[in-house]
Amino acid sequence: MSQQSLEQRFQGLPATVRQKVDAVIDDAKVALKVRVGELLADKDEVAEHAVTTAGRVGAKSGEVSELTAIMPLKPGGAERLRKFFKLVDGNLAGAGDVGTLHNMRFVFLDGDTKLLFATAYDGEWDPYIDDFATKIPEMMDHLFGNVEGWPGIHSPEVKDFIVQYQLPAEAWFVAHPNLTVAGATRLKRLDRTVQSFLTELN
Amino acid sequence: MSTDHGSVPNLADVQAAVLQPRPTPYAGTYLALRIDDRRQARALVQRMLPMLDSVASFDAERQVSLAIGFSFEGLRAIGVPEDSLATFSPEFQQGMAARAAELGDLGDSSPANWEGPLGSKDLHLMLVGLAPDTPRLEAILLLARDALRDLPGVATIWQQEVFAAPNEREPFGFKDGIGQPAIEGAAIPCTNSREEPLKAGEFLLGFEDETGSIAPVPQPDILGRGGTYAAFRKLHTRVADFRQYLRDRAADRADEELLAAKVVGRWPSGAPLALSPDRDDPELGADPHRNNDFQYGDDPRGLKCPLGSHARRMNPRDAIITGEVRLHRMIRRGTNYGPPLPQGVYEDDGADRGIVFAFIGAHLARQFEFVQAQWVNDGKFIGVPAEKDPLVGANDDGQFTVPRTPIRRRFQGLPPFVVNRGGEYCFLPSLSALRWIADLDT
């Protein structure tokens with residue numbers, strides 16, 4: 001698209017949107033300004049992906065929340081964790097038992113002295129921490145026991161401990177904000193049923 | 001002192017009302033008192049101690065009980081030291097009104113619309129008397145009132161009579177009070193042979209609970225140990241709205257009864273849908289050995305009892321949900337107030353009727369507030385984020401799904417059928433803790 005028609009598209013946006021865009025990214029290429037401006041002007045799209053708070057720390061979009069934490073590792077902690085991850089080939093399949101977990105990852109930082117833990121999950125973790133602790137306490141303590149100062153999953157201080165190392169995401173996007181893990185499971189079942197019905201119909 | 005330091009609760013030190021089921025039928029009274037003079041309040045506790053039964057001394061023949069509970073402001077008003085107050089659970093310290101957002105007490109149920117003095121800082125001491133009939137209730141209340149004589153520094157500021165309807169049904173017309181949990185070492189008969197008794201620490205402070213640990217006990221130990229928390233709520237029921245909603249959507253009278261049972265999870269007699277999915281079975285409903293003796297494992301889709309029905313939400317038993325059912329069990333005591341709406345009446349008569357609901361458990365956040373937020377006012381735990389409890393949820397144009405083959409039924413436009421008129425969090429001390437409070441010298 002020509003520079004001129006991009007300029008026209010930008011001028012076609014509501015004045016309030018143009019002012020907002022100009023105030024923050026005046027120096028950006030007009031193509032980017034159009035893209036951001038059109039996004040901001042699309043009220044339905046913006047509302048569907050609105051970012052709220054997941055509790056004390058963390059962002060939430062629809063039903064899906066994020067948790068990002070960087071925690072100091074005990075000496076040798078990274079080595080022990082690596083051995084464990086190797087044992088299961090980096091596959092944490094059993095975590096599906098939790099029922100609200102979309103994904104999670106473990107990354108070592110700063111020459112194996114720190115652990116980055118990042119996850120996306122449904123709802124709020126605060127009310128469910130005891131449930132996770134009761135469901136997979138040995139796993140939680142085995143993994144996080146390598147973190148300096150880990151109080152133990154049953155400790156009343158464990159929530160405060162995690163919050164202390166949590167870093168709030170400044171931006172958060174989820175493709176289907178209102179699709180929970182349980183909802184996706186239900187849709188998969190529904191699709192199987194519909195597909196087999198259609199197959200038999202033929 | 002009769003406090004124990006073992007892992008088994010001393011039932012001779014726990015207030016009877018904490019663990020003893022309420023009588024059936026029953027008559028009862030809730031009294032709220034304001035403490036203006038701490039020494040007189042202590043004198044009252046001292047006078048009442050001989051009237052209080054423990055779980056062990058409770059007379060199963062007489063079935064009369066009197067219970068004492070304190071709000072957080074009440075503990076402060078009677079002179080419990082600040083460093084001790086700080087050791088109570090944060091939710092209890094804040095009080096129920098401050099927890100409105102967590103509890104879904106919004107709109108008509110919001111504290112701004114509560115009946116005074118509920119939700120105010122004046123509500124200090126709760127006395128609850130329960131008996132099998134009015135004469136026996138009067139007798140125990142007479143004793144309580146006598147204890148209050150010449151103590152102008154303790155004022156009665158609220159009173160609520162509760163009683164069983166003649167047919168022992170709650171205001172919506174269903175048998176109530178089924179499904180209490182069994183507790184380790186509590187010597188209360190278990191009614192679901194498939195549920196392992198819960199650890200004592202779920203219901204009494206100072207003992208091991210279902211997480212395998214002992215939660216922090218309010219200090220000093222003598223004050224906290226063997227005590228527990230209670231939450232009471234005066235819930236107004238919109239019975240005519242409930243009946244109209246069902247009638248407007250049902251094909252005929254039988255369908256109306258089926259739909260009501262699907263909403264509740266039980267038939268009017270108390271017979272569970274899990275055991276009798278197609279019709280009421282009064283014999284089953286009346287049998288305490290059978291009416292709670294079931295699971296949901298053979299009904300994962302909810303074809304017999306919908307996943308979202310009230311009773312299945314309140315205790316999902318062995319159903320697959322997000323989280324652990326055993327961490328969110330509670331003792332529930334529902335009692336009726338107001339005249340029942342006669343059967344067959346669909347128009348509201350303007351009378352105030354409902355339930356004074358009482359929760360008892362050692363963990364306000366993990367039990368009462370969790371259930372209210374996740375099981376009553378949400379549906380994510382059963383995979384339906386768009387739905388709330390169809391009977392008691394804070395619905396506003398709500399939705400309820402009844403699984404059925406080949407095609408489910410879905411009901412929309414659900415209004416709220418229950419409105420909270422107010423309530424409070426209380427601490428129910430052990431008998432030795434009450435003695436400690438009576439002997440305070442602050």
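Everything numeric in this text was worked out from a predicted model, so none of it was measured. We name chains A, B, ... by the order of the sequence lines, and we start the count at 1 in each one.
Side chain of His154(A) to backbone of Gly212(B): no donor-acceptor contact under 3.5 angstrom is found.
A distance of 11.5 Å separates CD of Glu324(B) from OH of Tyr128(A), quoted to the nearest 0.5 Å.
If you measure heavy-atom distances from Thr322(B) to chain A, the contacts under 4.5 Å come from both the backbone and the side chain. Neither the backbone nor the side chain of Glu369(B) comes within contact range of chain A; no heavy atoms are under 4.5 Å apart. For chain A, no part of Ile320(B) is nearby; none of its heavy atoms comes within less than 4.5 Å.
The closest side-chain donor-acceptor pair between His328(B) and Asp131(A) falls under 3.5 angstrom.
The most heavy-atom pairs under 4.5 Å with chain B, out of Thr180(A), Asp130(A), Thr100(A), come from Asp130(A).
Within a 6.0 Å radius of NZ in Lys74(A), other residues, nucleotides and ligands contribute more than 12 heavy atoms. In the displayed structure, Asp396(B) atom CG is contacted under 6.0 Å by at most 12 heavy atoms of other residues, nucleotides or ligands. Counting non-hydrogen atoms of other residues, nucleotides and ligands closer than 6.0 Å to CG of Leu198(A) gives a total above 12. Within 6.0 Å of the CD atom in Glu79(A), the count of heavy atoms belonging to other residues, nucleotides or ligands does not exceed 12. More than 12 heavy atoms of other residues, nucleotides or ligands sit less than 6.0 Å from atom CZ of Arg56(A). Within 6.0 Å of NZ in Lys159(A) there are more than 12 heavy atoms belonging to other residues, nucleotides or ligands.
Minimum interatomic distance between Gly383(B) and Ala182(A) (heavy atoms only, all atoms of both residues): CA-CB, 3.7 Å.
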